[in-house]
Amino acid sequence: MQRNRRRRFALSLLLCLFLAGCTNRAGDRPTAAESSGSMDAREAQTSGIQGSSGKTDEKERTDLSGQNDTGKWTFRSMEELDRELGITEPYSYADLRSAVDENTALPEEYREYLHRFIGNMEKKYPKLPLTIFYRNIRDLQTAVVDGQTMKEMRGSASLAGYYNAQRNLLTLNRDRDEDLGEYVIYHEIGHMVNNYRFRYRLRDCSFDFAPEGYGMIFEEALDCLFTEDVMDMQTEGMSYRIAANHLEILMEAYDLNLEDLLEITVYDLLAEAADSLEAEQVRAEDYLAAVNAQRKAVHRIGTAEAEADSLHADAWKVTAHAFFAKKIHKGMSKEELRKLYDAFVEKMTKGLDTGNDRYELDLQPAAEVFETVMKEKGIEERDRPAATKLLTGNTK
């Protein structure tokens, strides 16, 4: 991939500053290993990142690990996490299975789900780093509550389940839609692969694809895509489907795959999107907010009907620009361009119940970006299909 390293580094730094205040979640995770200072057997007894002299360099550790003045420590990659924890030998899928069997707090039903997930994951992702998943399984706790309790805990009685990384607690709603039951369990297990909160050396530490805030929309989207790939399942109408579609298009535009995203953070993804953000003059946080607003509008969540269409347009501007800038090239015929636009619409409506008028997508901003990129790529006017005639799919 071609990168404007200087511009993307600057964007990544700005995103760190913007989102740094959103990385903490209330409560300490009860892991005996971290609170006591003991480590897993394969974790070397090291303390901090070593400087060139071989001694612990506090400043270097602060710079590399993103520690801020409040003592929080946010890791930016799984490689960095392993290095700091002194992991010298990668965990294996056999280690994951042992962790499931040795966790006496797990009900038998959960063991079966975990073993099934691990088996499928091993076939499709044999080389994925497993440190986070192993440590989460090792200490995992579970709970089942009714709809009213779920509402008191998370604000919605219809929420089927959630995974609390801070407490390493997987909670299910016993009043959930049974048709979604199995999917929800696997979805929450998927969060355990790359979400980690723990106490280490008197600090609140974390690794997430995205910290709390608007970036969470892509963390949920990533988990949807990953879980569906691992378990060969797809559920139409899931509330993160539209966000997952945005993310999948960005992955295609930037030549990334799910395994890439599981090992990095949203900062890196948006650094890749720097050109599209700049071209459409949309701030990264506004783009994430727009994707989330579009999700609410598409699925009629809360009072999202009142969200401004201009905000939704910001989501289209970046995603559509990334896709069309990658795919359009001079010399394409009008028919090839028309098919490309239709392919974009198909990708954006994937998994949505398009036969139900509950779902609406305003494709006008995407059509406008399509027209702009064709001009930027030097497509002659006679060869450009009229964007206004291409508003297909379940539109307003």
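Bear in mind the structure is a predicted one, so any value in this text is a computation, not a measurement. For the single chain, residues carry numbers from 1 onward in sequence order.
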Salt bridge (Lys or Arg N to Asp or Glu O under 4.0 Å) pairs touching residues 97-110, sequence neighbours excluded, are R97-E122, E108-R111
Keeping the roles fixed (side chain from D286, backbone from D314), state whether a donor-acceptor pair exists under 3.5 Å. no
Kindly check if the number of other-residue, nucleotide or ligand heavy atoms within 6.0 Å of NZ (K377) is above 12? yes
Taking E80 first and then R83, would you say they form a salt bridge - that is, a charged N and a carboxylate O separated by under 4.0 Å? no
Salt bridge (Lys or Arg N to Asp or Glu O under 4.0 Å) with E248: which residues, sequence neighbours excluded? K350
Determine whether the aromatic ring centres of F75 and F207 lie less than 6.0 Å apart. no
In chain order, what residues pass the side chain to side chain contact (heavy atoms under 4.5 Å, CB included) check against E280, with sequence neighbours excluded? V282, K317, H321, V369
Decide whether L256 and L270 are clustered together by the hydrophobic rule: side chain heavy atoms of Ile, Leu, Val, Met, Phe, Trp, Tyr closer than 4.5 Å, transitively. yes
Tell me the salt bridge (Lys or Arg N to Asp or Glu O under 4.0 Å) pairs involving residues 318-327, sequence neighbours left out? E252-K327, D255-K326
In terms of the angle between their ring planes, are F117 and F133 parallel, tilted or perpendicular, with boundaries placed at 30° and 60°? perpendicular
Report yes or no: do Y125 and L247 belong to one cluster of Ile/Leu/Val/Met/Phe/Trp/Tyr joined by side chain heavy-atom distances under 4.5 Å? yes
Would you give the length of the straight line joining atom OG1 of T349 to atom CG of L363, rounded to the nearest 0.5 angstrom? 8.5 Å
Might you point out which heavy atoms bring F324 and A366 nearest each other, and give the distance in Å? CE1-O, 4.0 Å
Around atom CD of E79, are there more than 12 heavy atoms from other residues, nucleotides or ligands closer than 6.0 Å? no
Begin from the C-alpha positions of F323 and V373 and carry the test side chain to side chain contact (heavy atoms under 4.5 Å, CB included) through to its verdict. CA-CA 10 Å; F323 181 81; V373 175; over 6 Å; no
Given V230 and Y186, is the side chain to side chain contact (heavy atoms under 4.5 Å, CB included) satisfied, shown in steps? CA-CA 9 Å; V230 168; Y186 289 131; over 6 Å; no
If the condition is salt bridge (Lys or Arg N to Asp or Glu O under 4.0 Å), which residues does K334 pass it with, not counting sequence neighbours? none
Test side chain to side chain contact (heavy atoms under 4.5 Å, CB included) applied to A322 - qualifying residues, sequence neighbours left out: L250, A253, Y254, S276
Can any side-chain N or O of N173 pair as donor or acceptor with the backbone N or O of A160 at less than 3.5 Å? no
Could you check whether atom NZ of K339 has more than 12 heavy atoms from other residues, nucleotides or ligands sitting under 6.0 Å from it? no
Can you tell me if N136 uses its side chain to pair, donor with acceptor, with the backbone of M192 under 3.5 Å? yes
Report whether Y183 and L159 are members of the same hydrophobic cluster (ILVMFWY, side-chain heavy atoms less than 4.5 Å apart, transitive linking). no
Which pair of heavy atoms, one from V193 and one from M78, lies closest together, and at what distance? O-CE, 3.6 Å
Is any side-chain heavy atom of H246 closer than 4.5 Å to one of Y287? yes
Nearest 0.5 Å, please: how far is CG in L130 from CG in N194? 12.0 Å
Nearest 0.5 Å, please: how far is CD in E371 from OH in Y341? 11.0 Å
Distance-only polar pair, side chains of T265 and D268, donor-acceptor under 3.5 Å: yes
Return yes if a side-chain donor-acceptor contact under 3.5 Å exists between T227 and H187, otherwise no. no
How many angstroms lie between atom CG of L288 and atom CZ of R283, to the nearest 0.5 angstrom? 11.0 Å
Starting from the C-alpha separation in whole Å, work towards a yes-or-no answer on side chain to side chain contact (heavy atoms under 4.5 Å, CB included) for E84 and Y200. CA-CA 10 Å; E84 176 58 29; Y200 175 63; 3.5 Å; yes
For A99 against Y134, the heavy-atom pair lying closest together: CB-CE1, 3.8 Å
Are Y110 and M150 in one and the same hydrophobic cluster, where Ile, Leu, Val, Met, Phe, Trp and Tyr link if side-chain heavy atoms are under 4.5 Å apart? no
Does F344 have its ring centroid less than 6.0 Å away from the ring centroid of F370? no
Donor-acceptor contact present, side-chain D383 to main-chain M332, <3.5 Å: no
Atom CG of N195 and atom CD of E188: how far apart are they, to the nearest 0.5 Å? 10.0 Å
Side-chain donor-acceptor contact under 3.5 Å, Y196 with N168: no
Modelled atom types, side-chain donor and acceptor of N292 and R295, under 3.5 Å: yes
Looking at every non-hydrogen atom in both residues, tell me the closest pair between A290 and A315 and how far apart they are. CB-N, 3.5 Å
Measure across A243 and I217 and return the closest heavy-atom pair with its distance rounded to 0.1 Å. CB-CG1, 3.6 Å
Is R241 salt-bridged to E228, cutoff N-O under 4.0 Å? yes
Any Lys/Arg nitrogen of D342 or K347 sitting under 4.0 Å from an Asp/Glu carboxylate oxygen of the other? no
Hey, is the main chain of I379 close enough, under 3.5 Å, to the side chain of R384 for a donor-acceptor pair? yes
Quick one: do R338 and E335 satisfy salt bridge (Lys or Arg N to Asp or Glu O under 4.0 Å)? Show the steps, please. CA-CA 5 Å; R338 182 178 291 108; E335 182 60 24; 3.0 Å; yes
Working to the nearest 0.5 angstrom, can you tell me the gap between H191 NE2 and L170 CG? 9.5 Å
Yes or no on side chain to side chain contact (heavy atoms under 4.5 Å, CB included) for T171 and V144, after CA distance, side-chain angles and deciding distance? CA-CA 6 Å; T171 303; V144 178; over 6 Å; no
Trace of the side chain to side chain donor-acceptor pair (under 3.5 Å) decision for S98 with D95: CA-CA 5 Å; S98 295; D95 293 324; 5.5 Å; no
Are L128 and L81 connected into the same hydrophobic cluster when the rule is that any two of I, L, V, M, F, W, Y join if their side-chain heavy atoms are below 4.5 Å apart? yes
Check D139, D208, D204 against R197 for a salt bridge (charged side-chain N to carboxylate O under 4.0 Å, His left out) and give me the one that passes. D208
Smallest separation among heavy atoms of N257 and M251, with atom names: C-CE, 3.6 Å
More than 12 heavy atoms of other residues, nucleotides or ligands under 6.0 Å from CD of E152: is that the case? yes
